[in-house]
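Notes for the one structure printed next.
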Amino acid sequence: MSRRHRAYGTLSATLASALLVASCSAADPARAAREDIYPHWKKGAGATEAAAFMKVEVPKGAADVKGAVQVNPQEDIYLLTFRTDRTTAIRLAEDLAPEEPLERWKVRPTPSSEHFRHFGLPEPETVPDALHAGVCPPCVEDHRRREVSWIEIHLGDVEAVRTRVYLRAY
């Protein structure tokens with residue numbers, strides 16, 4: 001093979017490789033930009049959307065109701081929090097049908113996430129004497145929540161008149 005043919009072959013291979021890389025990484029600039037901003041909070045999504053996804057009802061008379069949806073590349077995270085009386089909070093936890101009963105949560109000085117800080121609240125893992133339960137709805141055959149992979153509830157201030165309920169689901 002002559003030098004000229006080898007040079008053309010090398011040039012062709014280099015050009016083809018460059019085009020392939022360019023087509024994979026910059027075919028849709030808008031898509032590339034969206035992937036760079038994960039996670040982000042879904043605009044307009046609040047307590048109504050979070051409660052609907054979790055298939056829970058915010059109790060009548062609940063105060064300080066807040067909700068949000070954090071958009072992630074694989075699974076979105078739905079957050080819902082409010083204050084209600086202790087009996088209603090415990091009834092809500094029992095309705096989730098956790099495999100294990102509510103138990104005292106060991107306080108973590110550093111939370112594993114910062115979801116509820118979005119609302120200006122402490123993360124439930126940092127609340128002293130909080131109760132906790134979690135459940136995989138499909139695992140306990142909760143057909144109402146078959147679209148939910150995991151839901152957890154934390155009850156903070158359980159000795160207060162109004163208990164803070166934290167719900168997180170994906």
Side-chain angles (χ1 to χ4, degrees), residues 28 30-108 110-160 162-170:
D28 182 3
R31 181 172 180 255
R34 279 195 315 268
E35 290 175 353
D36 291 339
I37 59 171
Y38 288 117
H40 66 269
W41 298 103
K42 186 173 183 179
K43 290 185 194 249
T48 303
E49 290 76 15
F53 176 76
M54 296 178 200
K55 303 287 192 273
V56 298
E57 269 189 54
V58 174
K60 292 199 184 313
D64 198 23
V65 179
K66 298 176 183 184
V69 178
Q70 185 186 61
V71 178
N72 291 284
Q74 292 185 353
E75 291 183 309
D76 295 342
I77 298 173
Y78 293 77
L79 306 173
L80 181 63
T81 183
F82 51 86
R83 287 192 166 282
T84 189
D85 64 90
R86 182 174 194 250
T87 304
T88 302
I90 290 173
R91 198 172 326 125
L92 176 63
E94 290 169 350
D95 181 61
L96 297 177
E99 294 179 82
E100 301 291 325
L102 281 168
E103 62 184 3
R104 292 268 176 223
W105 184 258
K106 293 181 180 151
V107 175
R108 294 183 191 161
T110 307
S112 59
S113 66
E114 294 191 357
H115 296 128
F116 289 94
R117 288 183 193 238
H118 177 67
F119 306 125
L121 296 171
E123 292 301 312
E125 298 95 335
T126 66
V127 176
D129 297 322
L131 298 176
H132 168 266
V135 66
C136 162
C139 301
V140 295
E141 298 181 17
D142 183 350
H143 300 292
R144 299 169 297 169
R145 298 182 179 97
R146 67 177 148 257
E147 301 299 317
V148 180
S149 298
W150 180 257
I151 188 167
E152 63 186 40
I153 186 168
H154 292 261
L155 305 180
D157 306 323
V158 290
E159 301 306 321
R162 305 288 274 182
T163 298
R164 165 68 63 191
V165 175
Y166 296 87
L167 290 157
R168 178 177 9 228
Y170 53 90

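- Relative ring orientation between Tyr166 and Phe116 is described as perpendicular, the plane-to-plane angle rising above 60° on a 0-90° scale split at 30° and 60°.
- Looking at every heavy atom in both residues, Pro98 comes nearest to Ala93 through CD-O, 3.4 Å.
- Nearest heavy-atom pair, Arg83 versus Asp157, reported as atom, atom and distance to 0.1 Å: NH2-OD2, 2.9 Å.
- His115 and Arg168 make their closest contact through ND1-NH1, 2.8 Å (heavy atoms, listed as atom of the first residue, atom of the second, distance).
- When all heavy atoms are compared, the tightest approach of His118 to Ala68 is CD2-CB, 3.9 Å.
- Taking each heavy atom of Thr81 and Val165 in turn, the nearest pair found is OG1-O, 2.8 Å.
- Between His40 and Tyr38, the gap from one ring centroid to the other is short of 6.0 Å.
- Once rounded to the nearest 0.5 Å, the distance linking CD of Glu123 with CZ of Arg117 reads 6.0 Å.
- Asp142 places a side-chain N or O within donor-acceptor distance of the main-chain N or O of Arg144, the cut-off being under 3.5 Å.
- By the 30° and 60° cut-offs, the orientation of the rings of Phe119 relative to Trp41 is tilted.
- In this structure, CG in Leu102 is found 6.5 Å from CD1 in Ile90, a value given to the nearest 0.5 Å.
- Val127 places none of its side-chain heavy atoms less than 4.5 Å from the side chain of His154.
- Heavy-atom contacts from other residues, nucleotides or ligands closer than 6.0 Å to CZ of Arg104 number more than 12.
- What you find for Leu80 and Ala47 is that their closest heavy atoms are CD1-CB, 3.7 Å.
- Here the NZ-NE2 distance, from Lys55 to His143, works out to 14.0 Å after rounding to the nearest 0.5 Å.
- Side-chain contact check for Leu96 versus Leu167: some heavy-atom pair is nearer than 4.5 Å.
- Residue Thr88 holds its OG1 atom at 11.0 Å from CG of Leu155, rounded to the nearest 0.5 Å.
- The CD1 atom of Ile153 sits 9.5 Å away from atom CE of Met54, with the distance rounded to the nearest 0.5 Å.
- The main-chain N or O of Pro137 is never found under 3.5 Å from a side-chain atom of Arg145 such that the two would form a donor-acceptor pair.
- Using a 4.5 Å heavy-atom threshold, the side chains of Glu99 and Val140 count as touching.
- For the pair Glu147 (side chain) and Phe53 (backbone), a donor-acceptor distance under 3.5 Å is absent.
- Atom-to-atom distance recorded for Asp76:CG and Glu49:CD is 12.5 Å, nearest 0.5 angstrom.
- Between Phe82 and the choices Asp64, Leu92, Thr163, the side-chain contact (heavy atoms from CB on, under 4.5 Å) rule is met once, by Leu92.
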